[in-house]
Amino acid sequence: MASDNQITIVGNLTDDPELRYTANGAAVANFRVAYSTRIRDAAGNWTDGETSFFTVNCWRALAENAAETLTRGTRVVVTGRLKQRSWENQEGEKRTVIEIEADDLGPSLKWATATVQKTSRSSSASSSGGGGGGDWGAAVAPVGAGSSMDEETPLDA
């Protein structure tokens, strides 16, 4: 995880994660997370305040695990980095967005329960000298299937 511009958000997915693959075969998942503040009015009743929407991108095994595990409405905890992206649309206008590139994410256990399934790593990943033995050579948490052994996160397969 990088030490620059870290952000952690908690909110609900507005739709199922959209999983795609780059030309090089890297998985990328995109989804939006919404969060509404709760405000207590003068009568003591709770009401919803303004809603904030955050676009989240995740890569490789994290993307595949998110697409397999998370669905619309799931309350999630996302930790990542702010990224600014600019492009020019078809009319030639400059557009800029600020998104969260997820380093880690999972379901919020405050309002739900989760069952964790370990995914097994490939045998070449465990013999590459990067593990300390024990379970690390054989399996990794969380739910879902991983992708390739060249991941930089502990969520790889």
Practice prompt. Check whether any side-chain heavy atom of C58 lies under 4.5 Å from a side-chain heavy atom of L105, and answer yes or no.
Written response: yes

Worksheet entry | Closest contact, heavy atoms only, T51 versus S36 | OG1-OG, 2.6 Å

Worksheet entry | Any donor-acceptor N/O pair, T69 side chain to N65 backbone, under 3.5 Å | yes

Item to complete: State the CD-CG distance between E18 and D16, to the nearest 0.5 angstrom.
Response: 10.5 Å

Worksheet entry | Pair K94-N89, side-chain contact (heavy atoms from CB on, under 4.5 Å): steps then yes or no | CA-CA 7 Å; K94 271 275 222 205; N89 67 11; over 6 Å; no

Worksheet item: Which heavy-atom pair separates L62 from A102 by the least distance, and what is that distance?
Response: CD2-O, 3.7 Å

Worksheet item: In terms of hydrophobic clusters joined by side-chain contacts under 4.5 Å, are F54 and V10 together?
Response: no

Worksheet entry | Pairwise side-chain contact, Y35 with R75, heavy-atom cut-off 4.5 Å (strictly under) | yes

Worksheet item: Taking C-beta and beyond as the side chain, do T14 and R72 meet within less than 4.5 Å on heavy atoms?
Response: no

Discussion item. With rounding to the nearest 0.5 angstrom, report the OG1 to CD distance, T79 to E101.
Written reply: 13.5 Å

Worksheet entry | Neighbour count >12 (heavy atoms, 6.0 Å) for atom CD, E91 | yes

Worksheet item: Hey, does the side chain of N24 reach the backbone of A26 with a donor-acceptor pair shorter than 3.5 angstrom?
Response: no

Fill in: Transitive ILVMFWY side-chain link I7 to V76, under 4.5 Å
yes

Practice prompt. Give a yes or no on whether a salt bridge exists between R32 and D15, defined as a side-chain N under 4.0 angstrom from a carboxylate O.
Written response: no

Worksheet entry | Separation between CD of Q84 and OG1 of T96, rounded to the nearest 0.5 Å | 5.5 Å

Worksheet item: Same hydrophobic cluster for I9 and L13, using side-chain heavy-atom links shorter than 4.5 Å among ILVMFWY?
Response: yes

Item to complete: Of all the heavy-atom pairs spanning P107 and A114, show the shortest one and how long it is.
Response: CG-CB, 4.0 Å

Practice prompt. Flag yes if more than 12 heavy atoms outside E88 fall under 6.0 Å of its CD atom; otherwise flag no.
Written response: yes

Fill in: Exceeds 12 heavy-atom contacts within 6.0 angstrom, atom CH2 of W46
yes

Practice prompt. Considering only NZ, NE, NH1 and NH2 on the basic side and carboxylate oxygens on the acidic side, decide whether E99 and K83 come within less than 4.0 Å.
Written response: no

Discussion item. Would you say V33 ends up clustered with I98 if hydrophobic residues are merged whenever their side chains have heavy atoms under 4.5 Å apart, either directly or through other cluster members?
Written reply: yes

Practice prompt. Would you give the length of the straight line joining atom CG of N12 to atom CZ of F31, rounded to the nearest 0.5 angstrom?
Written response: 12.0 Å

Worksheet item: Going from OG1 on T8 to CG on D103, what distance comes out if it is rounded to the nearest 0.5 angstrom?
Response: 9.5 Å

Discussion item. Quick check: do W59 and T22 have side-chain heavy atoms less than 4.5 Å from each other?
Written reply: yes

Fill in: Members besides L19 in its Ile/Leu/Val/Met/Phe/Trp/Tyr cluster (side-chain heavy atoms under 4.5 Å)
Y21

Item to complete: Walk me through it: do R38 and D48 pass the test side-chain contact (heavy atoms from CB on, under 4.5 Å)?
Response: CA-CA 5 Å; R38 299 284 289 165; D48 285 334; 2.8 Å; yes

